[in-house]
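Working notes, structure below.
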Amino acid sequence: MIEFKNSIEINEWCEGLKAKGRTVGFVPTMGALHEGHMSLMHQAKAKSDYVVSSIFVNPTQFNDPKDFEKYPISIVEDKAMLTNAGCDAVFIPAVTEIYPNSTNYDLKVELGYLAECLEAKHRPGHFEGVMQVVKKLLDIVAPDFLFLGRKDYQQFLVVKAMVNHYHIPVEVIQCPIVREADGLAMSSRNRRLSEEEHSAALQLSYVLQQFQQQWKAHTPSQLQVNYHDFLNAHPLINVEYLEVVNAETLQAIDSWTVTPYAMVCVAAKVGEIRLIDNATIY
Ligand code: AMP
């Protein structure tokens, strides 16, 4: 695996491959890699001639400075995992490489309701930072395919909207959520959970499963109210939102007959750690 720190060098390498008619798949990450990231890598390998990943903890997408400071870093292990997964090149830039002049938000993308609901409502500035860094990374890597996890479902919709807005010639591919054997959605932040917090966090995926099992017998709002209270009754859990939404628009809904389909999204603090998860309602 080739390692790049310089944006011009990786850009030339990727452009060289594309000039030879090879396709490039791209898996951007913030490191502290786990099997969720690896599943994106495997899908990228299956679809592209070459796979590029990036490890960059992007300061502009953290609305909480403590979350940024404490974000787990494990570059040596990450590089070993990427090499094992057959990654061809990794881009590990310094903050000054990505933001040589300023970290001020510089994109104006009309996101409509996407900019107002769920994560956007609870993490002001988060998606501005995400769009800013993904735009820069797409300019640098210029991939044919971009692989994003469904775990960050709203992020997937936001990036797709940004890609459409700038007419970026990349196919955005959504990859399923990978879970621990106990149901917890894999996340780099899980490393920061104590044993007690980890077992508390299992309530999130449990609740999503309950929605999937009980939806026929209840309205969305009945389940929302019940399970919001259920989660908050746990001394370590503080729910930010638990919402049933239309999977296309993310508008809250109170009927299951929705096109294309309904999904349930949750964000909660478990101790100090903020976790998100979601599930489709069948
Ligand atoms: P992150 O390093 O958290 O910024 O995530 C990098 C990419 O991996 C994003 O596209 C995430 O949606 C994706 N990802 C993170 N966790 C998971 C997971 N448990 N399952 C699938 N994809 C994931």
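As a basis for the values below, the full set of heavy atoms in this structure was taken, side chains included, without hydrogen atoms, waters or symmetry mates. Being a predicted model, the structure only gives us computed values, none of them experimental. Both counts, for ligands and for their atoms, begin at 1 and track the order of listing.
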Of the protein's non-hydrogen atoms, which lies at the shortest distance from [atom], and what is that distance?
atom	result
atom 15 (C) of ligand 1	His34 CE1, 3.9 Å
atom 6 (C) of ligand 1	Pro28 O, 3.4 Å
atom 3 (O) of ligand 1	Tyr71 OH, 3.9 Å
atom 1 (P) of ligand 1	His37 NE2, 3.6 Å
atom 11 (C) of ligand 1	Asp152 OD2, 3.1 Å
atom 21 (C) of ligand 1	Pro176 O, 3.3 Å
atom 20 (N) of ligand 1	Val178 N, 2.9 Å

Within ligand 1, which atoms have a heavy atom of [X] less than 4.0 Å away?
X	result
Leu40	7 (C), 8 (O), 10 (O), 13 (C), 22 (N)
Leu148	10 (O)
Ile177	20 (N), 21 (C)
Thr29	2 (O), 6 (C)

Should [X] be counted as touching ligand 1, given the test is an N or O pair under 3.5 Å?
X	value
Lys151	no
Met30	yes
Ser39	no
Met186	yes

Under the 3.5 angstrom rule, does the side chain of [X] hit a backbone N or O of [Y] as a donor-acceptor pair?
X	Y	result
Asp78	Ala32	yes
Gln154	Cys117	yes
Ser48	Lys45	no

So, do Val244 and Leu223 sit near enough that their side-chain heavy atoms are less than 4.5 Å apart?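 The answer is no; the side chains never approach within 4.5 Å.
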
Does a sphere of radius 6.0 Å around [atom1] in [X] hold more than 12 heavy atoms from other residues, nucleotides or ligands, not counting ones at 6.0 Å or beyond?
X	atom1	result
Glu116	CD	yes
Lys18	NZ	yes
Glu196	CD	no

Which pairs would a plain distance check flag for residues 134-152, meaning a side-chain donor or acceptor within less than 3.5 Å of a matching protein atom at least two apart in sequence or in another chain?
residue : atom : partner : partner atom : Å
Lys135  : NZ   : Asp139  : OD1          : 3.4
Lys135  : NZ   : Asp139  : OD2          : 3.1
Lys136  : NZ   : Ile98   : O            : 3.0
Asp144  : OD2  : Val24   : N            : 2.7
Arg150  : NH1  : Gln174  : OE1          : 2.1
Arg150  : NH2  : Tyr261  : OH           : 3.1
Arg150  : NH2  : Thr280  : OG1          : 3.2

In terms of ring plane angle, is the pair Phe68 and Phe62 parallel, tilted or perpendicular, where the classes change at 30° and 60°?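 Correct class here is tilted.
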
Please confirm whether Arg179 approaches ligand 1 to less than 4.0 Å, judged on its heavy atoms.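 The answer is no: ligand 1 sits nowhere under 4.0 Å from a heavy atom of Arg179.
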
Give a yes/no verdict on whether any heavy atom in Ala32 is under 4.0 Å from an atom of ligand 1.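 Flag not set, Ala32 not near ligand 1.
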
What I want to check is whether the side chains of Tyr227 and Gln214 have a donor and an acceptor closer together than 3.5 Å.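 Yes - a donor-acceptor pair under 3.5 Å links their side chains.
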
Winner among Ser188, Gly149, Ser53 once heavy atoms are compared against atom 22 (N) of ligand 1: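 Nearest heavy atom to atom 22 (N) of ligand 1 lies in Gly149.
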
Less than 4.0 angstrom from a charged side-chain N to a carboxylate O is my criterion; do Lys269 and Glu197 meet it?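 Glu197 and Lys269: not salt-bridged.
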
